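Here is the structure we will look at.
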Amino acid sequence: MLHRVGAGALNRLSEHREHFRIRLHHDSPPHEIKPRFKPVGELAVIGSALLREGVAGTRQAAQVTRLLDFAWQEALDGGELLAWLQRDEPMSPIPLETYVAFRELGYRHRGIEAHARLINGTGSWHALEALPNRRLGIIGSAAAVGLGQADVAAATRRTWLGQRPEPWTVDYHVAYDITHTVYHLTDWGGKLDRLPTDIADYLALWLPSWIDEWAARKHWDLLGELLVVDACLPRPVLDAAIWRRYAAAQSPQGAMPVQRTMPTGDAAAVFDLVHHPTLVAALASVMATSRAMGALVGPAP
């Protein structure tokens with residue numbers, strides 16, 4: 001079941017890959033273009049996790065590789081569109097964050113890296129105001145291209161999760177902040193040992209309650225993200241009943257709705273609504289499958 005959710009999501013993303021294009025036209029205003037980078041960056045991050053974990057299967061690995069090649073060569077024009085975004089917004093962290101995911105897969109653009117080195121020397125870059133969990137992401141991106149390592153421990157303690165407040169205060173926005181704090185700390189599930197013990201213990205205690213709540217609300221996008229967090233814990237629950245409910249929400253074509261049921265309408269508009277929960281489903285699937293298989297064979301000697 002875990003594998004099937006991811007395979008279906010990947011089929012859907014592959015069949016609709018044309019919708020990842022940035023849709024840049026000579027008369028397109030920047031405010032309409034810039035939101036199009038987010039799905040491409042998410043695809044790179046999640047595609048990297050799929051290839052890293054090595055549990056999706058050879059067919060899925062080939063699908064992911066083709067998707068990533070398309071995203072880099074076609075959607076981002078070999079990185080030129082990220083360089084354009086850097087020129088338009090020199091202090092925006094989005095081009096670097098998007099680029100890092102591709103760079104780790106072997107895609108390179110020297111101009112983007114040169115710009116990153118330049119702005120890293122400015123006071124403005126280090127003074128950028130960002131939510132604490134976003135700051136963790138910016139720190140990680142800078143470190144990935146060799147721009148130094150900031151105090152991750154101090155940055156972690158400024159996040160909501162790092163302070164471990166009252167668990168009953170978790171609302172929609174806080175829940176997303178929690179998930180992304182875990183993603184940035186563990187490098188999207190690739191470095192699970194980087195999750196501090198006290199945070200892991202706090203999540204082990206309260207995450208099942210939050211998962212139950214958002215499953216009851218049928219918010220599949222947030223539920224998927226929380227299931228990824230579960231798979232990042234030292235002892236993941238991998239609740240079979242919750243996973244059955246999550247899998248049942250997936251459309252026969254592999255798309256995952258944001259909440260309740262699938263939207264209808266124009267294909268491009270539907271893609272914009274469901275690409276994120278579908279990508280999350282692929283990530284949740286591969287992380288849960290990997291941890292489940294790891295539990296079968298036990299710890300490494």
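Note that the structure is predicted; figures quoted are calculated from it, not measured.
Here the side chain of H115 pairs a donor or acceptor atom with the backbone of P90 at under 3.5 angstrom. In this structure, the side chain of S48 does not engage the main chain of A44 through any donor-acceptor pair within 3.5 Å. Remark: side-chain polar atoms of T186 are not paired, donor with acceptor, to backbone N or O of G190 under 3.5 angstrom. Side-chain atoms of E74 do not come within 3.5 Å of backbone N or O of F20 as any donor-acceptor pair. With hydrogens and angles disregarded, no donor-acceptor distance shorter than 3.5 Å links the side chain of D77 to the backbone of G79. Checking side-chain atoms of W188 against main-chain N and O of I46 turns up no donor-acceptor pair under 3.5 Å. Between the side chain of W214 and the main chain of D221, no donor-acceptor pair closer than 3.5 Å is present. A distance-only check finds a donor-acceptor pair linking the side chain of R291 to the backbone of P234 [under 3.5 Å]. Without hydrogens or angle criteria, R36 side chain to H19 main chain gives a donor-acceptor distance under 3.5 Å. Side chain of T278 to main chain of M256: a donor-acceptor pair is present (N/O by atom type, distance under 3.5 Å, no hydrogens or angles).
Residues W220 and P257 share a closest heavy-atom pair of CB-O, 3.4 Å. Heavy atoms only, all atoms of each residue included: P196 and L185 are closest at CD-CD1, 4.0 Å. Across S290 and E53, no two heavy atoms sit closer than the pair OG-OE1, 2.6 Å. P39 approaches L279 most closely through the heavy-atom pair O-CD1, 4.1 Å. Here the shortest heavy-atom pairing between R117 and L147 reads CG-CD2, 3.6 Å. Minimum interatomic distance between R158 and Q163 (heavy atoms only, all atoms of both residues): O-NE2, 3.4 Å.
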Exercise for the section: Could you walk me through whether Y107 and D69 pass the side-chain contact (heavy atoms from CB on, under 4.5 Å) test, one step at a time? Expected result: CA-CA 9 Å; Y107 303 93; D69 282 341; 2.4 Å; yes
Problem - V229 and W210: CA distance, side-chain angles, deciding distance, side-chain contact (heavy atoms from CB on, under 4.5 Å) verdict - result: CA-CA 11 Å; V229 172; W210 302 332; over 6 Å; no
Exercise for the section: Give the C-alpha distance, both sets of side-chain angles, the deciding distance and a yes or no for side-chain contact (heavy atoms from CB on, under 4.5 Å) between W72 and L105. Expected result: CA-CA 11 Å; W72 179 255; L105 293 163; over 6 Å; no
Practice task
May I have the step-by-step check of side-chain contact (heavy atoms from CB on, under 4.5 Å) for D239 and L227, ending in yes or no?
Solution key: CA-CA 9 Å; D239 187 305; L227 291 173; over 6 Å; no
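Hydrophobic clustering (side-chain heavy atoms under 4.5 Å, transitive across Ile, Leu, Val, Met, Phe, Trp, Tyr) keeps L238 apart from L226. Residues I112 and I94 share a hydrophobic cluster, clusters being chains of Ile/Leu/Val/Met/Phe/Trp/Tyr side chains in contact below 4.5 Å. Residues V274 and L13 are members of separate hydrophobic clusters, defined by side-chain heavy-atom contacts under 4.5 angstrom among Ile, Leu, Val, Met, Phe, Trp and Tyr. Under the 4.5 Å side-chain heavy-atom criterion for ILVMFWY residues, no single connected hydrophobic cluster contains both V145 and L118.
Note that the OG1 atom of T159 and the CD1 atom of I199 stand 5.5 Å from one another [nearest 0.5 Å]. Interatomic distance, CD1 of I138 versus CZ of R135, reported as 4.5 Å (0.5 Å rounding). In this structure, L51 CG and T65 OG1 are separated by 5.0 Å, a value rounded to the nearest 0.5 Å. Taking CG of L50 as the reference point, atom OG of S285 lies at 8.0 Å (rounded to 0.5 Å).
Ion pairing between a basic and an acidic side chain is recognised when a charged N comes within 4.0 Å of a carboxylate O; K34 and D88 show such pairing. Salt-bridge formation is detected for the pair R164/D198: a Lys NZ or Arg NE/NH1/NH2 atom is positioned less than 4.0 Å from an Asp or Glu carboxylate oxygen. Taking a cutoff of 4.0 Å between a charged side-chain nitrogen and a carboxylate oxygen, R235 and D230 do not qualify as a salt bridge. Residues R134 and E97 are paired through a salt bridge, judged by an N-O separation under 4.0 Å between the basic side chain and the carboxylate.
Inspection of the Y99 and E113 side chains reveals an N or O donor paired with an N or O acceptor under 3.5 Å. One side chain, N11 or Q63, offers a donor N or O that lies under 3.5 Å from an acceptor on the other. H219 and E213 form no side-chain donor-acceptor contact under 3.5 Å, judged by distance and modelled atom types alone.
The environment of CZ in R108 is crowded: more than 12 heavy-atom neighbours from other residues, nucleotides or ligands sit within 6.0 Å. Within a 6.0 Å sphere centred on CH2 of W206, heavy atoms belonging to other residues, nucleotides or ligands number 12 at most.
Under the side chain to side chain donor-acceptor pair (under 3.5 Å) rule, N133 has a single partner from T156, D177, T179, which is D177.
Separation of the Y183 and H180 ring centroids falls under the 6.0 Å cut-off.
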